[in-house]
Structures are given as C-alpha cells and as structure tokens.
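Letters A, B, ... mirror the listed sequences (proteins, then strands); counts begin at 1.
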Protein chains: 2
Amino acid sequence: MRTIIFKVVAIDPNIPTPPAADWIVRAEESLRAAGHRSSAPRSAVLELIGNQECVLSAREIADELRDRGRPVGVATVYRTLEVLEAMRLVQRLDVGDGSARYEPALPGGEHHHHHLICDSCGRVTPFEDPRLERAIDDLGRRLDYAVGDHDVILRGVCPQCGRKG
Amino acid sequence: MRTIIFKVVAIDPNIPTPPAADWIVRAEESLRAAGHRSSAPRSAVLELIGNQECVLSAREIADELRDRGRPVGVATVYRTLEVLEAMRLVQRLDVGDGSARYEPALPGGEHHHHHLICDSCGRVTPFEDPRLERAIDDLGRRLDYAVGDHDVILRGVCPQCGRKG
DNA sequence: GTCGATGCAAAGAATTTGCAGGACC
DNA sequence: GGTCCTGCAAATTCTTTGCATCGAC
C-alpha cells in the first residue's frame, strides 16, 4: 500500500490561508441555530477541522483527537461530518485513496480553492485560479442544471517527487 | 439509502458518444501488447465497459454480467479494472456514493469530458467544455507540478429533479 | 509445461447503525 | 425530564488478498 503524506504546500497565486477561528465560531453558531446541541466531542472535532492545514479523513480526526487526549468515538466523528456536510460547513474531497476527506468550507466562496494530488506521494496541495472559476461559473449558467458546488482535481507529480525522478 | 439512478443525458455542446467497438479493440490489443493473456471473463468485462452509456461500479459490472449469463467473479472485475486503470484505458470517477466508478478512457483526449452529478437523484451527466479545458491546461503549465489527468465534477440539481421542486 | 488469470472465501478497511446510558436545554 | 448526543460494538459495504485450480501461449 502506498504511503500517503498529506502536507499542504502553497504554490501559485493567492496562497490559501487556514480559516481557523472564524470558521469554528461560524460553524458552532450555525449548528446551534439549526437546533443542534453543543457537546465536548463535537467541539473538539470542529476545533480540529477549523485549524487543520490539510484535508482530513474521519479516521485521522479520531486518531488525532485521541492523541491529544480528547478521544472521540469514530461514529461521532462520522455523524458530525455528516451534519457539517449537509449544512455545507465542510467540503468533502475524494482523493482516491479509499477514504473521504474533509476541509472547512467558507461562505461566499471565500478562500475557495481546488487541489493538486501527487500520484507518487499522495500529497495534496491546494491552489486557486480565478480564470478556472470564471470558466466554471459561465458553464454552470449555460447548462440546464442548477449547479451548486464544484470540485476540480488535478493529478500529477509534485515538485519533490519530480526531482527524484 | 438514496436510490441512485444512472442515466446519461447529453446536454451541452458536443454530445459525448460512447466509444464502443473502437475502445474494446484497442483495450484488448493494449493488454496483449503488455503481456496479458486473454480470457473470457476479461473480454466480457471489456465488452461491457466499452458499450456502457454511463459510469459503472465494480459491483454493477459483476451483477450485469451475471444477469447476462456470463458471470464473472467480483475479484476478477476488480483485478481487471486495476490493470485497465494502470494502463489508462479506463478513467476512475468518484461521485461520492461510496464506490468507485469507471468509464472508458480514449487516447489523445478524444471525447474528453467531465461530469454533472445530481444531488437529488444521483444521475451522472457528461459534458464537454473547451474553455474549461483551456483554463486547466494553462493552469497546469504555470504550476510547478507535472499535471497529468484532471477531473472536474459539478454538483447540482438536474432538470428532471428541478422541475419536481 | 509454465505462468498468468479465475473464483471462492477470508481478510481488511471505511462507514453506518442499534442501543443503552449520559448530557444539554 | 425529554430529547439529542455519545461510545461501543455489531453490521454493512467496498475492496483486496490467499490459494488451489484452470487455461492461454
């Protein structure tokens, strides 16, 4: 099995910044407004997601929280992610390694970005490109389809792996 | 569990056509050239994939072949898809329903397309857009990354579901 | 005859679900 | 105090793997 290393390396124009505190506060408020109760486990998950530098899988979230001494059951992690995704507070990303990964979603397309995935080491790198966004927006308008989200995934070989051959 | 209906509805410019016979012949030749032996089960899988109108999962392939009286073990389907994907004869697509889906890949970007996924019924619809491709190509050239493949997935509500509310 | 391919069944991994107990409002 | 949330474990689902056997070359 290929070893997957997830590390964010900002590359091109407009380096994406982690949303951090803003996102966490907004997420907690949204959940409350939607009638959900607050709880320590859920807060721990929100805090981790909000401060993450990279896309995380449910297992990674559970493991990391356990390591930090705030263990949360995997089922709870999945259930939390389910709610967050339904409320569009997180964005789900499939990099093709067999598990779903999540990252905070910001309102109004703030820090909206896509991902480069290295076929060699599995590294995931975010990037932004206004022209690409415009092309997608225009396309969405032309289609007989109410387009909401979109994902763009580019696969290739990252600089590190490229140098090694 | 949401019922997923897969049906292809051509939409915008350049209606993608199923590659059919061409692809099947090319795939068989490529496999042979790569030193693989031919076999009835493998041919059955190739034939089904080559004539498919939509993205198929491993289970769907196995089920369909069983229904057609040419049963093929699931393991064989997975192993065949693995080889085909490595040789870039099929394109893997993750629509987010928990299983990987595959479609024939044509050489030289022929019939290259992307997908619209209906959040309501799960329908997958292919589309092509030259401008989007150009934006992605240019972007790839600018990045410090050897970009190979790319996937674009648009999610939204299809015309059928939109009408019903 | 050799070695790849197959099928079955077991193993693994990701995700979901049932349920009893605990916490929030 | 009712209801939502949690954790655990069992259940499901998808995918991979071990192994004896079969068949292409």
Side-chain angles (χ1 to χ4, degrees), chain A residues 1-4 6 27-46 48 55-66 69-87 90 92-102 122, chain B residues 1-4 27-48 55-66 69-87 90 92-102 122:
Chain A
M1 197 34 160
R2 191 174 71 185
T3 304
I4 307 277
F6 282 94
E28 302 222 291
E29 284 173 355
S30 301
L31 287 173
R32 178 149 319 181
H36 294 283
R37 295 177 182 175
S38 91
S39 76
R42 183 160 289 183
S43 295
V45 173
L46 289 177
L48 180 57
V55 285
L56 295 175
S57 69
R59 166 166 291 280
E60 286 166 349
I61 291 171
D63 288 351
E64 177 64 24
L65 290 177
R66 182 174 32 64
R70 294 176 71 179
V72 173
V74 210
T76 298
V77 173
Y78 277 107
R79 282 187 280 234
T80 300
L81 289 172
E82 186 184 3
V83 173
L84 292 175
E85 194 189 3
M87 296 182 68
V90 294
R92 181 194 183 126
L93 178 69
D94 250 308
V95 305
D97 73 330
S99 61
R101 293 177 175 282
Y102 299 83
Chain B
M1 194 37 162
R2 188 174 72 186
T3 303
I4 306 277
E28 302 221 292
E29 285 172 355
S30 302
L31 287 173
R32 180 151 316 183
H36 292 283
R37 295 177 183 175
S38 91
S39 76
R42 184 159 288 183
S43 295
V45 173
L46 289 177
E47 195 180 309
L48 180 57
V55 286
L56 294 175
S57 69
R59 165 165 290 281
E60 286 166 350
I61 292 171
D63 288 351
E64 178 63 25
L65 290 177
R66 180 175 32 65
R70 295 175 70 180
V72 173
V74 211
T76 297
V77 174
Y78 276 107
R79 283 187 281 235
T80 299
L81 290 172
E82 187 183 3
V83 173
L84 293 176
E85 193 189 2
M87 298 182 65
V90 296
R92 181 196 182 122
L93 178 69
D94 249 309
V95 306
D97 73 330
S99 62
R101 293 176 174 282
Y102 298 83

Where [X] and [Y] come nearest, the two heavy atoms and their spacing:
X       : Y       : answer
B:Leu65 : B:Ala44 : CD2-O, 3.8 Å
A:Asp94 : A:Arg92 : OD2-NE, 4.2 Å
A:Leu46 : A:Ala27 : CD2-CB, 4.0 Å
B:Arg32 : B:Ser38 : NH2-CB, 3.4 Å
B:Met87 : B:Ser30 : CE-O, 3.4 Å

In whole angstroms, how far is the [atom2] atom of [N] from the [atom1] atom of [X]?
X       : N      : atom1 : atom2 : answer
A:Asp63 : C:dT15 : CG    : P     : 13 Å
B:Ile61 : D:dT15 : CD1   : P     : 10 Å
A:Glu60 : C:dT15 : CD    : P     : 10 Å
B:Asp94 : C:dA14 : CG    : C1'   : 13 Å
A:Glu82 : C:dA14 : CD    : P     : 18 Å
B:Arg79 : D:dC22 : CZ    : C1'   : 13 Å
A:Glu28 : D:dC5  : CD    : P     : 14 Å
B:Leu56 : D:dT15 : CG    : C1'   : 17 Å

Could you write out each protein N or O paired with an N or O of nucleotides 9-14 of chain D at a distance under 3.5 Å?
from	atom 1	to	atom 2	distance (Å)
D:dC14	OP2	B:Arg59	NE	3.4

Output the residues of residues 29-48 of chain B in contact with DNA chain C, where contact means a heavy atom of the residue under 4.0 Å from an atom of the strand; sort by number or write none.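 By residue number: B:His36, B:Arg37, B:Ser39, B:Pro41, B:Arg42.
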
Above 12 or not: heavy atoms from other molecules or residues under 6.0 Å from CZ of A:Arg66?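 Atom CZ in A:Arg66 is packed in, count exceeds 12.
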
Assess the residue pair B:Arg42 and B:Arg37 against the criterion (side-chain contact (heavy atoms from CB on, under 4.5 Å)); give the C-alpha distance rounded to whole Å, side-chain angles, the decisive distance to 0.1 Å, and a yes or no. CA-CA 9 Å; B:Arg42 184 159 288 183; B:Arg37 295 177 183 175; over 6 Å; no

May I have the step-by-step check of side-chain contact (heavy atoms from CB on, under 4.5 Å) for A:Val83 and A:Leu31, ending in yes or no? CA-CA 9 Å; A:Val83 173; A:Leu31 287 173; 3.6 Å; yes

Heavy-atom side-chain contact between A:Ile61 and A:Leu81 under 4.5 Å: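 Of all side-chain heavy-atom pairs linking A:Leu81 with A:Ile61, at least one is under 4.5 Å.
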
Need one value for A:Val74: base, sugar-phosphate or nothing, where a base atom within 4.0 Å counts as base even if backbone is also close, heavy atoms only.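 The answer is nothing, as A:Val74 stays clear of every strand by at least 4.0 Å.
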
